[in-house]
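Right, one structure below, let's go through it.
Just so we're on the same page: letters track the sequence lines, and every chain starts at 1. These values consider heavy atoms only, across backbone and side chains, with no hydrogens, waters or symmetry-generated copies. A quick note: this is a predicted structure, and the numbers were derived from the prediction, not measured.
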Protein chains: 2
Amino acid sequence: MKLPVSTEWVLHCATSLAQLEPGATASAAQLARYYDLPQAYLAKQLQPLVKAGVLAATTGPRGGFRLARQAAEITMLDVVEAVDGASSPYECREIRQQGRGALPPEECRTPCLIAAKMADAHAAWRGSLGGVSLADLLGELPSWVPRRTRQRLTGTG
Amino acid sequence: MKLPVSTEWVLHCATSLAQLEPGATASAAQLARYYDLPQAYLAKQLQPLVKAGVLAATTGPRGGFRLARQAAEITMLDVVEAVDGASSPYECREIRQQGRGALPPEECRTPCLIAAKMADAHAAWRGSLGGVSLADLLGELPSWVPRRTRQRLTGTG
DNA sequence: GGGCGGCTACTCGGATATATTCTGTCCGAGTGATAATGG
DNA sequence: CCATTATCACTCGGACAGAATATATCCGAGTAGCCGCCC
């Protein structure tokens with residue numbers, strides 16, 4: 001079970017975008033320079049966030065990405081599931097119904113117990129990430145961070 | 001984030017082994033037949049469980065795998081982490097220290113906030129799985145299951 | 001009949017190919033600002 | 001000086017290769033039981 005590296009990228013990018021003034025944008029190139037990431041691949045990974053309605057993208061000069069809604073309304077889970085998919089890492093393939101030990105269908109009306117427990121664990125994980133919004137993250141940062149982020153992210157110097 | 005298919009296999013195999021009489025063993029071939037799985041690959045996936053001390057393997061005729069300790073002392077987390085590794089799915093690569101936005105080292109004494117939240121979520125996941133032992137799983141099964149499992153798993157007919 | 005030795009068949013364990021997914025790169029369509037131009 | 005218009009640089013978006021991991025397979029080393037043989 002391994003999350004793609006891009007998960008870290010988009011989480012940091014979303015946090016940075018949350019520090020911009022309302023309406024301001026940052027391009028994929030700017031974000032890539034800010035974190036020293038491959039620009040094209042980063043842009044590719046930001047696309048699913050746009051499709052998921054987490055980010056909004058505007059083209060043309062002075063265009064780029066911005067949050068699609070307020071930082072308090074975007075959770076880490078939204079970001080992670082947008083880029084990595086919302087499906088559970090454990091996929092029950094009903095092997096209890098295969099082979100010599102195959103259970104009769106009438107015994108499989110209830111979900112596989114193991115799958116249920118794995119789903120519980122996944123729900124706990126989702127609950128933990130769903131309880132943290134981007135605004136919560138910013139709240140734990142020193143107060144001088146956003147100004148610095150804006151300057152280094154969108155500034156030219 | 002996707003768990004290997006073999007995770008399902010070893011969880012079910014461990015649960016089945018927990019239903020055997022104490023000291024009894026089941027070979028990889030028997031388990032593979034029981035669930036209709038590729039025998040060689042299943043054996044390969046059971047190996048890390050032996051290394052982790054969850055299962056014990058005995059060679060030779062009438063050999064095979066058995067639980068290394070009591071079912072109540074083996075959690076689903078033990079099984080999952082044995083086969084999939086215990087490392088967190090999110091790996092912080094400290095991109096906050098790279099690129100134009102690189103934070104000075106003295107600001108990075110505290111762990112990356114995003115990584116901390118991801119670690120919290122992973123801890124919640126581990127806590128959920130760690131709270132369920134194989135004995136707990138057996139406790140939720142109908143009482144006639146273990147006898148049937150023993151018969152179909154180790155029987156010849 | 002009992003003990004011993006060799007043999008055999010069965011087990012796990014590790015080394016070796018193939019498929020799928022993640023990572024990285026490129027180029028094209030679209031858009032908004034910009035600057036020249038004419039009134 | 002202002003409105004208009006054509007240009008152009010910059011943006012995202014999707015199509016195309018390379019690398020890492022998961023999946024599947026095979027063969028070899030080791031061992032426990034078993035059978036025959038000897039005492």
* Within this structure, what is the CZ-to-P distance between A:Arg33 and D:dC10, rounded to whole angstrom? -> 10 Å

* To do: Kindly compute the distance separating CG (A:Leu137) from CD (A:Gln19), expressed to the nearest 0.5 Å.
  => 9.5 Å

* **Among D:dT23, C:dG13, C:dT23, the one nearest A:Val5 by side-chain distance** => C:dT23

* Closest heavy-atom pair and its distance - B:Ser6, B:Gln45 -> OG-NE2, 3.0 Å

* More 5' along DNA chain C: A:Gln39 or B:Thr59, using each one's nearest nucleotide? -> B:Thr59

* C:dC12 phosphate, OP1 or OP2: any side-chain N/O from B:Gln47 under 4.0 angstrom? -> no

* Asked: Base, sugar-phosphate, or nothing for B:Ala40, non-hydrogen atoms under 4.0 angstrom?
  -> base

* Mind calculating the distance between CG (B:Leu46) and P (C:dG13) to the nearest angstrom? => 9 Å

* Asked: Once you round it to whole Å, what is the distance between P of C:dT20 and NZ of A:Lys2?
  -> 19 Å

* A:Pro61 has a side chain; which of D:dA22, C:dT31, C:dC12 sits nearest to it? -> C:dT31

* Given C:dT25, D:dG13, D:dA32, which nucleotide is nearest the side-chain atoms of A:Ala57? -> D:dG13

* **Ring centres under 6.0 angstrom apart (B:Tyr90, B:His122)** => no

* Asked: 5'-most contact on DNA chain D: B:Gln45 or A:Val50, nearest heavy atom basis?
  -> A:Val50

* What is the distance from CG of B:Leu42 to C1' of C:dG13, rounded to the nearest Å? -> 14 Å

* Counting distance only, does the side-chain N/O of A:Arg152 pair as donor-acceptor with the main-chain N or O of B:Arg100 below 3.5 Å? -> yes

* To do: Let me know the distance between CE of B:Met1 and P of D:dT21, rounded to the nearest Å.
  => 18 Å

* Asked: Can a side chain N or O of B:Tyr41 be found less than 4.0 Å away from OP1 or OP2 on D:dT25?
  -> no

* Asked: Of A:Lys44 and A:Arg62, whose nearest nucleotide on DNA chain C comes first from the 5' end?
  -> A:Lys44

* Rounded interatomic separation in angstrom, taking CG from B:Leu49 and P from C:dG13 -> 11 Å

* Structure fact -> Considering only heavy side-chain atoms of B:Trp9, the closest of C:dG13, D:dA24, D:dT31 is D:dA24

* **A:Glu91 CD - D:dA22 C1' separation (whole Å)** => 14 Å

* **Sugar-phosphate, base or nothing in reach of A:Ala29, heavy atoms under 4.0 Å** => nothing

* To do: Answer yes if B:Leu103 and A:Leu31 sit in the same cluster of Ile, Leu, Val, Met, Phe, Trp and Tyr residues linked by side chain heavy atoms under 4.5 Å apart, and no otherwise.
  => no

* To do: For A:Leu3 and C:dT21, give me the distance from atom CG to atom C1', rounded to whole Å.
  => 14 Å

* **Candidate nucleotides C:dT31, C:dT25, D:dT11, ranked by approach to the side chain of A:Ser27 - the nearest** => D:dT11

